[in-house]
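Some notes on the structure that comes next.
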Amino acid sequence: MSSRAFYVTTPIYYINGTPHIGHAYTTVVADVLARTARTQGDAFFLTGTDEHGQKVANAAAEAGVAPQAWCDRLVEHWKDLFARFEISYDDWIRTTEPRHERVVQAVFEQLRESGDVYRGTYEGWYCVHDETFWLDSKLAGGKCPTCGRGVEWLAEDDWFFRLSKYNDRLLRHFKEHPQWVRPRTVYNEMLALLEEGLEDFSISRAAFDWGVPVPGGGGVIYVWFDALLNYISAIGWSHDDATFKKFWPASVQLIGKEIARFHTIIWPAVLWALGEEAPELVFAHGWMTTDGQKIGKSLGNASDPFAEVDRFGADSLRYFLLREAPFGSDFSYSEEKIAQRHNSDLGNDLGNLFHRTLAMLHKYREGIVPAVRPPLENTSFDRLRFADLPGRVRASILDLRFRDALEAVWELVTALNRTIDERKPWVLHKENRADELDALLYDLCEGLRWLAILLAPVMPERAREMWRRLGLRDRIDANWDEALVWGGLPPQTQTVAGDALFPRVELISS
RNA sequence: GGCUCGGUAGCUCAGUGGUAGAGCAGGGGACUCAUAAGCCCUUGGUCGUAGGUUCAAAUCCUACCCGAGUCACCA
């Protein structure tokens, strides 16, 4: 990673409905990246909502309210959900905010002046429901191939973006930066599209008015063109150069794979048209599936994310989402799998390690972290083996290999559990080998302190609880290079006994 | 149909030329500080199929089978 500030974005979420677990997924991933990046420097984490377009207008009309009132109501669901998941976003952009609309119009005007936006006529079949133009050859029996509804012939004067002009540069960019779109399969798909050739496309709509007005009149700006610009409007493009230069180009832009075209072809072209750089990395993750089916609201198989948080806890869900599958590919989501991860990894391995260690500390030393004489010797715990652990964990996370990162952390969990069994503190106590017991208990507690710090980006709430029980007062999210030095746990710290960190949940058998 | 990716232990996956791996699940054992958790040992795979290249292939090439994705505007 460069020394420049870290900037991570999620898609802004289209609020024609309420959020499901898939939306939480993308946002949790971004949150883990941001929290990790903050342990080594400046970071900015942007998320938000996409509030324009005909579908939002329609949803509002059905609810019998004005579009803006609809958005104001819906956005609260999203903010509530992300609060439940402890999402530490630095800014929440709404595309209906004046600060955003001003930028969209400024972009439009600049591109109109430079000639990359021009006036043309769009003619073709149009599906109102999907806000989509269709070629005659694509229609299914005269109906919209996507939603099956009727289409109408539309001919309207629109503004077009000169995408074709950037075809060659995009090809070059893809060839020169084979890692800029991940995973590989999405990169290949996009490269294939580029090789087929790009056409200019319409970026305005005349048929409805819920959108950013085209400067000077002539309809509203196409919702996608509007939406993409959130990534730069929020960090000050055209009005706050210092902030913009600090964070752009984005370090990581997370997306779902269904919107890869917009983010890896149209988006860089628009940026280049503005004289800006493309993002460093666009990462398209896979779907969550149930029984091999994509989870989505339209399929009716999306579980209520609020209920899932109530059942398992936000941290267990966060852990599951990152640990279960390699990031990028689809993965199957089920309560059974979550319960298994929760009970096995979190309850048995981590939670029980924490619990048994503090229980012994209380039984043998009144819960007070021993002072070790001489410091940090006479222990069998091989801490040198973990000297490079923080670096490995951070590198894996920032490379979006979350599963690798968690597996690395679990090496420490396993090593601590093994050490207890090998050194048998209950024997040391019975035989009055006080120095050995002190040294062992100290190392175990110090290991727990490391775990709390390393896991804080993934499980912020439970990590804070570990921190509190360990009697620690300073920041859990301090710079890892300074905080993760063995021996950082102050002797004589009074710890707090308590209930299980991850109480077992019963597996559903149905 | 074209293109892309994948098919490795019951499950989720790692492994891209040199004697098949991890976690979970299953089986056995020793212990007791602990959420009947943890620790140790262990069963289990002709690496989708058929050919080919090579001293040597899960790993490279070809064909085929199966699954997923994508093919111009689906947050």
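Each chain gets a letter, A, B and so on, in the order its sequence line appears, and its residues count up from 1.
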field: Complementary nucleotide of B:C60, counting Watson-Crick and G-U pairs under 3.5 Å
entry: B:G52
Watson-Crick/G-U partner (both atom distances under 3.5 Å) of B:U4: B:A68
Pairing partner (Watson-Crick or G-U wobble, both distances under 3.5 angstrom) of B:C39: B:G29
query: When the ring planes of A:Phe201 and A:Tyr222 are compared, do they come out parallel, tilted or perpendicular, using 30° and 60° as the limits?
result: perpendicular
Residue whose nearest RNA chain B nucleotide is more 5′ - A:Leu228 or A:Met360: A:Met360
message: Test of understanding: with ring pair (Phe, Tyr, Trp, His ring centres under 6.0 Å), list the residues that count as partners of A:His177, not counting sequence neighbours.
response: A:His173
query: Given that both distances must come in under 3.5 Å, which nucleotide forms a Watson-Crick or G-U wobble pair with B:G21?
result: B:C13
query: Are A:His285 and A:Phe402 an aromatic pair by the rule of ring centers under 6.0 Å?
result: no
message: Give me the distance, rounded to whole Å, that separates B:A22 from B:A14 when you measure between the P atoms they each carry.
response: 15 Å
- request: Using the six-membered ring for Trp and the full ring for Phe, Tyr or His, decide whether A:Phe354 stacks on the six-membered base ring of B:A34 (centres under 5.5 Å, planes under 30°).
  value: no
- prompt: In whole angstrom, what separates A:Asp349's CG from B:A25's P?
  reply: 9 Å
task: Pick out which of A:Tyr118, A:Phe225, A:Phe108 makes a ring-ring contact (aromatic ring centres under 6.0 Å, His included) with A:Trp159.
output: A:Phe108
- prompt: Taking only N and O in the side chain of A:Lys430, is any of them less than 4.0 Å away from OP1 or OP2 of B:C33?
  reply: no
message: Please tell me if A:Arg184 has a side-chain N or O lying less than 4.0 Å from either OP1 or OP2 of B:C5.
response: no
message: Nearest whole Å is fine: how far is B:U12 C1' from A:Trp410 CH2?
response: 17 Å
task: Ignoring backbone atoms, test whether A:Asn348 places a side-chain nitrogen or oxygen under 4.0 Å from the OP1 or OP2 oxygen of B:G38.
output: yes
- prompt: Roughly, in whole Å, what's the span from NZ in A:Lys257 to C1' in B:C71?
  reply: 15 Å
message: Taking only side-chain N and O atoms of A:Asn188, does any of them lie within less than 4.0 angstrom of OP1 or OP2 on B:C5?
response: yes
query: What is the distance, rounded to the nearest whole Å, between atom CG of A:Leu358 and atom C1' of B:U35?
result: 14 Å
- request: Name all residues meeting the side chain to side chain contact (heavy atoms under 4.5 Å, CB included) criterion together with A:Asn167; count only those two or more places apart in sequence or in a different chain, and write none if there are none.
  value: A:Leu171, A:Leu194, A:Leu198
message: Looking at B:C24, I'd like to know if its phosphate oxygens (OP1 or OP2) sit under 4.0 Å from a side-chain N or O belonging to A:Arg323.
response: no
message: Under a 3.5 Å cut-off for both contacts, is B:C47 paired Watson-Crick or G-U wobble with anything, and if yes, with which nucleotide?
response: none
task: May I have the distance from A:Leu191 (atom CG) to B:A72 (atom C1'), rounded to whole angstrom?
output: 16 Å
- prompt: Between the base of B:C73 and the side chain of A:Tyr222, is there a donor-acceptor distance below 3.5 Å?
  reply: yes
